[in-house]
Amino acid sequence: MEDTNSLIEQRRSHLAGLAEKGVNPFMNKFSPETGCDTARSLMAKWDAWNKSTDPAKGEPVGWPEGHRVRLAGRITAHRDMGKSHFLDLRDVSGRIQLWFQKAVFTEEQWAQFKLLDLADHVGVEGTLFVTRMGEPSLKVESFVPLSKALRPPPAKWEGLADTEIRYRQRYLDLIANEEVRKTFQARSLILREIRDFFHERGYVEVETPMMQAIPGGAAAQPFKTYHNALGCEFYMRIALELYLKRLLVGGVDKVFEIGRNFRNEGLSRRHNPEFTMLEAYEAYGDYATMMETVESLIRRLALKVAGTLRIEHRNAQGEVYKVIDLSHWRRARYKDLVREKAGEDWFRITPEERRRRAVEDLKLSGDIAAAYEDFEVTGAVFEKLVEPTLINPTFVTHLPKELVPLAKISADDPTTVEVFECCINGQEISPGYTEQNDPVAQRKALEEQAGGEKQKLDEDFLVALEHGMPPAGGIGIGIDRLCMMLLGQESIRDVILFPQLRPKE
RNA sequence: GGGUUGGUAGCUCAGCGGUAGAGCAGCGGCCUUUUAAGCCGUUGGUCCAGGGUUCAAAUCCCUGCCAACCCA
């Protein structure tokens with residue numbers, strides 16, 4: 001990209017100007033003592049103490065006026081008053097205001113100062129003080145250019161709105177938009193908290209293959225790749241499941257993995273071709289054990305990241321348009337939820353009548369294909385009419401066995417399986433299972449699912465099961481959707497740093 | 001895959017057949033406590049691309065590309 005404009009040319013000439021003066025505009029190393037906002041708040045603390053008239057205010061706190069400090073960051077604002085300039089310096093901790101006075105510097109140094117541009121990185125050293133306006137600031141005594149920005153930053157006030165630039169050049173989005181920085185810091189916190197949660201419960205974190213000869217554990221289109229040295233095709237994984245279960249066989253009784261799955265399907269507000277999945281398995285647990293696990297985990301995440309179990313989603317105007325109450329976790333049977341929307345007699349009428357009612361009365365004609373079997377008609381009712389209404393957390397239990405062929409039959413209702421779908425925010429956040437550990441039943445179910453295509457059977461996995469897998473509960477949690485729910489984002493692209501877009505040119 | 005909306009200066013946007021615009025940023029000037037600094041002046045454009053209609057197209061039409069949203 002060799003595009004130039006006058007702004008880039010100006011910056012290039014400033015770069016050349018620094019070089020002529022023998023200044024390296026890309027320093028190898030400069031060690032700041034502390035963060036910009038750290039210095040700023042310590043100064044503010046002292047200032048508050050200093051100005052307090054309370055006779056019992058005690059010992060000085062923070063950093064006093066005149067405290068010497070060395071900082072580094074990016075220049076994000078410039079207010080020029082001739083012989084006196086105010087700049088904002090920003091690093092990951094936040095910002096602090098810099099004061100450059102002409103009188104402090106030699107003519108040569110001032111000439112170098114004039115070659116600095118907005119968005120450059122600089123290192124500065126000086127003393128802390130508070131301005132007349134009460135702003136804790138740094139009186140700069142020396143500075144060094146650390147990295148010259150050859151391109152202008154986005155406008156500071158409007159921020160960056162162009163979605164395409166925001167996603168393709170996320171770094172500009174992060175520079176320009178404070179909320180975006182916060183969202184991704186919160187995502188990092190969520191991941192860390194999930195790991196702490198499972199480690200505290202005695203789980204072992206593992207990493208299993210992303211390149212698999214047979215992509216299993218879910219029904220989804222995989223991406224294909226090729227290994228030159230082995231001379232064979234591989235698939236990018238679509239789920240973590242089958243390898244984690246091998247580890248249950250191997251005696252890793254509590255095991256989890258957080259990792260990327262890849263599905264070669266459509267992109268949407270809720271789908272990115274690569275997405276982050278958590279799966280956790282617990283030997284001697286069952287689906288009920290895992291419901292408790294999911295609830296405890298998500299409650300903890302909400303308190304950590306939002307400070308409350310009442311998650312508010314706000315629109316661009318800052319108005320709350322949705323509230324998710326994570327203090328009550330409903331448990332409801334699949335059939336009961338379907339009856340609420342489709343009629344009390346739904347499961348007593350004939351399959352033909354069900355189809356007619358779904359298409360005509362419930363207006364699901366676009367969602368029900370002619371080839372759908374009866375259970376799929378009910379599935380469409382659930383997916384289109386029930387799931388979107390489950391804003392507050394609901395564990396949907398006792399799913400019909402046809403819907404989840406690989407699961408274990410419920411002890412109290414043989415037409416259903418020991419599976420839950422935890423729905424929050426109108427979407428499925430986490431499925432959970434009492435895992436199938438009967439190798440004969442598992443083989444039969446997988447063969448039926450493969451529809452006679454023998455090469456799709458993960459024989460190695462079935463052999464593992466034949467060695468004996470302990471009874472276990474398992475869950476999967478879509479981390480991206482979890483982040484959307486907790487962080488008030490309606491698009492998956494706003495919780496993934498670099499969402500997939502069509503490559504340019 | 002279908003529909004809707006959008007793509008104009010570095011950024012945010014207006015203009016919607018008749019000379020290419022504003023604010024911010026930038027550049028020059030004034031100002032040594034400003035903070036979306038202020039005041040004066042000023043530079044900057046493949047109006048997404050390609051075709052068409054027209055005396056005349058950023059503007060109307062067609063095709064394509066990219067994106068967002070809705071639907072499948």
Side-chain angles (χ1 to χ4, degrees), chain A residues 1-14 17 36 40 43-44 47 65 74-90 94-105 110 113-120 126-140 149-178 265-272 315-316 363-370 372 380 383-384 388 489-494 499-505:
Chain A
M1 220 204 279
E2 197 47 51
D3 57 349
T4 54
N5 59 49
S6 61
L7 297 177
I8 293 177
E9 277 163 21
Q10 269 163 26
R11 284 163 182 267
R12 286 188 182 278
S13 83
H14 286 176
C36 294
R40 185 181 183 278
M43 170 85 247
D47 188 50
E65 179 137 19
R74 189 193 284 277
I75 301 170
T76 57
H78 181 198
R79 296 174 288 279
D80 175 2
M81 301 188 63
K83 297 188 181 67
S84 183
H85 292 237
F86 291 92
L87 281 65
D88 285 350
L89 190 70
R90 171 174 284 285
R95 61 166 280 276
I96 189 169
Q97 175 170 268
L98 305 179
W99 188 27
F100 284 79
Q101 303 162 89
K102 191 167 192 283
V104 169
F105 298 100
W110 195 246
F113 169 71
K114 299 289 243 180
L115 293 173
L116 295 179
D117 290 301
L118 217 52
D120 286 0
T127 55
L128 294 170
F129 76 109
V130 179
T131 67
R132 194 182 290 163
M133 302 302 291
E135 174 85 14
S137 305
L138 186 78
K139 201 181 292 181
V140 176
L150 293 178
R151 289 170 186 263
K156 62 179 171 184
W157 183 244
E158 291 91 353
L160 183 65
D162 185 319
T163 47
E164 194 173 348
I165 299 178
R166 287 188 49 228
Y167 296 151
R168 285 192 199 276
Q169 296 176 274
R170 181 69 88 180
Y171 47 91
L172 295 179
D173 193 26
L174 291 165
I175 289 169
N177 297 323
E178 172 84 32
E265 292 162 4
L267 290 78
S268 80
R269 230 162 40 114
R270 297 166 163 205
H271 299 86
N272 197 60
N315 61 18
K363 304 197 168 31
L364 291 175
S365 56
D367 305 302
I368 294 175
Y372 270 20
E383 205 177 298
K384 295 294 168 183
Q489 301 297 328
E490 297 306 324
S491 171
I492 198 168
R493 298 184 192 102
D494 291 321
Q500 200 59 250
L501 298 181
R502 190 183 292 274
K504 273 224 143 156
E505 287 152 314

Between [M] and [N] - [atom1] atom distance, rounded Å:
N	M	atom1	result
B:G7	B:G45	C1'	15 Å
B:C11	B:G29	P	27 Å
B:C16	B:G44	P	25 Å
B:G50	B:C69	C1'	27 Å
B:A57	B:G17	C1'	6 Å
B:C31	B:A36	P	23 Å

At under 4.0 Å between heavy atoms, what does [X] touch on the DNA or RNA strands: base, sugar-phosphate, or nothing?
X	result
A:Ala103	base
A:Gly266	nothing
A:Phe129	base

Extract from the structure each pairing of a protein N or O with an N or O of nucleotides 21-25 of chain B at less than 3.5 Å, listing the distance.
residue, atom, partner, partner atom, Å
B:G23, N2, A:Glu158, OE2, 3.3

Ignoring the backbone of [X], work out which of [options] is nearest its side chain.
X	options	answer
A:Asp117	B:A68, B:C27, B:U34	B:C27
A:Ala161	B:C13, B:A68, B:U35	B:C13
A:Leu501	B:U12, B:A68, B:C27	B:A68
A:Thr131	B:C31, B:U33, B:C11	B:U33
A:Trp99	B:A68, B:C69, B:U33	B:U33

Quiz item: Between A:Asp162 and A:Lys139, which is nearer to the 5' end of RNA chain B once each is assigned its nearest nucleotide?
Solution: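 Taking each residue's closest nucleotide, the earlier one in sequence belongs to A:Asp162.
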
Complementary nucleotide for [N] - Watson-Crick or wobble, under 3.5 Å:
N	result
B:C30	B:G38
B:G1	B:C71
B:A25	none

Quiz item: Looking at residues at least two apart in the chain, or sitting in another chain, which of them share a ring-ring contact (aromatic ring centres under 6.0 Å, His included) with A:Phe113?
Solution: A:His85, A:Phe100, A:Trp110

Quiz prompt | For A:Arg11, all residues meeting side chain to side chain donor-acceptor pair (under 3.5 Å), sequence neighbours excluded | solution =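 Scan of A:Arg11 (side chain to side chain donor-acceptor pair (under 3.5 Å), adjacent residues dropped) gives none.
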
Quiz item: Have A:Gln489 and A:Arg269 got a donor and an acceptor in their side chains that come within less than 3.5 Å?
Solution: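 No, no side-chain donor-acceptor pair sits under 3.5 Å.
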
Exercise. Would you please say whether a donor-acceptor pair under 3.5 Å links the side chains of A:Tyr167 and A:Asp494?
Key: yes

Practice problem: Look at the side chain of A:Glu135 against the base of B:U34 and say whether a donor-acceptor pair falls under 3.5 Å; ignore hydrogens and angles. | Solution: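 In this structure, the two groups form no donor-acceptor pair.
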
Quiz item: Between the base of B:U33 and the side chain of A:Arg132, is there any donor-acceptor pair under 3.5 Å?
Solution: no

OP1 or OP2 of [N] less than 4.0 angstrom from a side-chain nitrogen or oxygen of [X], does that happen here?
X	N	result
A:Arg79	B:A37	yes
A:Arg168	B:A67	yes
A:Arg269	B:C70	yes
A:Arg166	B:A67	no

[X] side chain to [Y] main-chain N or O, any donor-acceptor pair under 3.5 Å?
X	Y	value
A:Asp47	A:Pro136	no
A:Arg90	A:Arg95	no
A:Ser84	A:Met81	no
A:Asp173	A:Ile165	no
A:Asp117	A:Asp120	no

Close N or O pairs between protein and nucleotides 41-48 of chain B (under 3.5 Å):
none

Exercise. Could I get the full list of salt bridge (charged side-chain N to carboxylate O under 4.0 Å, His left out) partners for A:Arg493, not counting sequence neighbours?
Key: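 Once residues adjacent in sequence are excluded, A:Arg493 has no partner under the salt bridge (charged side-chain N to carboxylate O under 4.0 Å, His left out) criterion.
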
Quiz item: Who pairs with A:Lys384 by salt bridge (charged side-chain N to carboxylate O under 4.0 Å, His left out), at least two apart in sequence or on another chain?
Solution: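 So A:Lys384 forms a salt bridge (charged side-chain N to carboxylate O under 4.0 Å, His left out) with A:Asp367.
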
